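We count ligands from 1, going down the list as the structure has it; atoms in each ligand are counted the same way. What you see is a predicted model; the values in this text were computed from it and never measured.
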Amino acid sequence: MADHSSGSARIPLDPASLDRAAGVLLAAAVGDALGVPYEFAPPFAGDPEMKGGGLGPYAPGEYSDDTQMAACVAEVAATGADLTQPWALDAIADRFIAWIRDGASDVGNSTRAVLRGAEPGPGSAARLAASAIWEFASTGLGAGNGALMRTGIVGLCALGDRVQTARAARAVSELTHADPLAADSCILWSEAIRVAVIEGRFDLLGGLDLIEEHRQSQWRAWIDQATGADPASFGPNGFTVTALQAAWAAITSTLGSSRMIAADHLTSALFAAVHAENDTDTVAAIAGALLGARWGASAVPTRYRSQVHGWPGLGDSDLVRLAVLTARGGADERGSSAT
Ligand SMILES: [Mg+2]
């Protein structure tokens with residue numbers, strides 16, 4: 001088989017970095033499943049629980065469209081594919097189309113408009129992207145949070161190369177969302193995930209130079225506004241900018257003291273994301289991807305790992321495996337290829 005991987009973007013990972021990579025999809029799925037029961041529901045008191053229901057309706061512990069679509073991206077990323085290549089984007093597009101025909105339990109507006117009636121096969125990615133441009137031009141739909149909600153795994157596809165990470169984030173975002181703000185949000189979040197995995201720190205402003213210069217100061221203002229703020233102050237959060245702000249606010253407003261242990265912050269930030277109300281599962285899935293990248297799979301409480309699951313038949317260990325394979329460029333621990 002030809003080598004389609006982006007080999008220069010791969011870097012060796014120490015055990016701590018590998019744990020952080022392993023946490024990206026898992027913690028996103030946990031956030032998603034925690035938010036499912038409360039999506040567009042009235043405010044509630046106390047800690048959220050993975051009790052299912054929501055728009056699916058979902059089983060207890062089941063994640064929703066956010067992680068379902070992330071799984072479509074992950075299945076391709078886990079082969080070590082260069083996600084900027086047309087064949088890899090076609091493979092993702094084909095999975096999105098299979099998902100909306102077969103597995104989608106609820107779907108966002110922009111995503112539905114673009115995927116409805118789409119045909120798989122060679123050129124499917126270009127057709128989806130063209131459809132997204134048409135949808136944006138004719139209806140204004142194009143900056144929903146549906147691209148940001150699935151971008152976490154993209155942050156793992158080129159851990160040694162921030163420019164390649166940004167290119168992949170843009171390409172995967174543009175399959176369904178044509179407003180440049182959607183791609184910007186995906187670039188910023190994917191780069192933050194890459195940095196969290198490699199360096200073990202939170203930095204959302206660090207990727208500003210990767211987006212177009214004339215939008216950088218606006219994004220800096222949006223991120224500054226959200227840092228340490230109440231996540232509920234960014235409603236409605238179906239817009240990719242307010243969804244990013246709510247997720248970042250949930251993370252930064254719960255950071256607390258340096259004595260706070262990883263699992264405590266991961267959990268309290270996910271709870272804060274769900275309490276942002278409105279699109280609860282999506283905000284918590286977005287936050288979860290970055291929290292997992294920072295604190296690792298080891299910080300995800302066992303009670304959540306044992307319950308989380310969803311289409312296409314994935315559980316916690318599958319979510320970890322897909323993320324680790326992506327971070328390793330498609331090779332398992334023995335160095336053999338996943339495909
Ligand atoms: Mg959802």
Side-chain angles (χ1 to χ4, degrees), residues 24-42 44 48-74 95-96 98-116 141 143-154 172-173 175-177 182 185-186 189 231 234-247 250 269-292 304 307-314 319:
V24 169
L25 267 185
L26 176 65
V30 165
D32 187 348
L34 278 168
V36 151
Y38 313 98
E39 188 173 11
F40 302 116
F44 67 102
E49 295 172 38
M50 282 184 173
K51 58 185 181 183
L55 299 183
Y58 295 94
E62 186 177 5
Y63 57 71
S64 71
D65 58 328
D66 313 70
T67 312
Q68 292 168 359
M69 293 197 83
C72 294
V73 180
R95 280 168 173 76
F96 285 172
W99 164 75
I100 203 159
R101 292 180 176 185
D102 167 49
S105 34
D106 70 288
V107 187
N109 291 335
S110 300
T111 301
R112 182 191 305 279
V114 171
L115 292 182
R116 185 179 45 204
L141 284 177
N145 59 25
L148 178 59
M149 74 186 191
R150 64 178 193 239
T151 204
I153 189 71
V154 180
V172 175
S173 175
L175 290 174
T176 50
H177 290 67
S185 65
C186 291
W189 209 253
F234 301 99
N237 47 39
F239 176 36
T240 200
V241 173
T242 49
L244 178 143
Q245 288 182 299
L270 289 180
F271 286 3
V274 175
H275 277 291
E277 298 169 16
N278 207 246
D279 203 351
T280 49
D281 59 316
T282 295
V283 172
I286 295 165
L290 184 50
L291 288 160
Y304 297 144
Q307 285 190 76
V308 72
H309 71 281
W311 184 92
L314 305 180
L319 296 162

Point to revise | Whether S64 has an N, O or S atom under 2.8 Å from the Mg ion (ligand 1) | key: yes
When you compare the side chain of [Y] with that of [X], does any pair of heavy atoms fall below 4.5 Å?
X: W99; Y: T111; value: yes
X: T151; Y: S173; value: no
X: D279; Y: E39; value: yes

Among the N, O or S atoms that [X] has, which is closest to the Mg ion (ligand 1)?
X: D65; result: OD1
X: D66; result: OD1
X: D281; result: OD2

Revision key, fill the gap. All heavy atoms of V36 vs all of E62, minimum pair found to be CG2-O, 4.0 Å
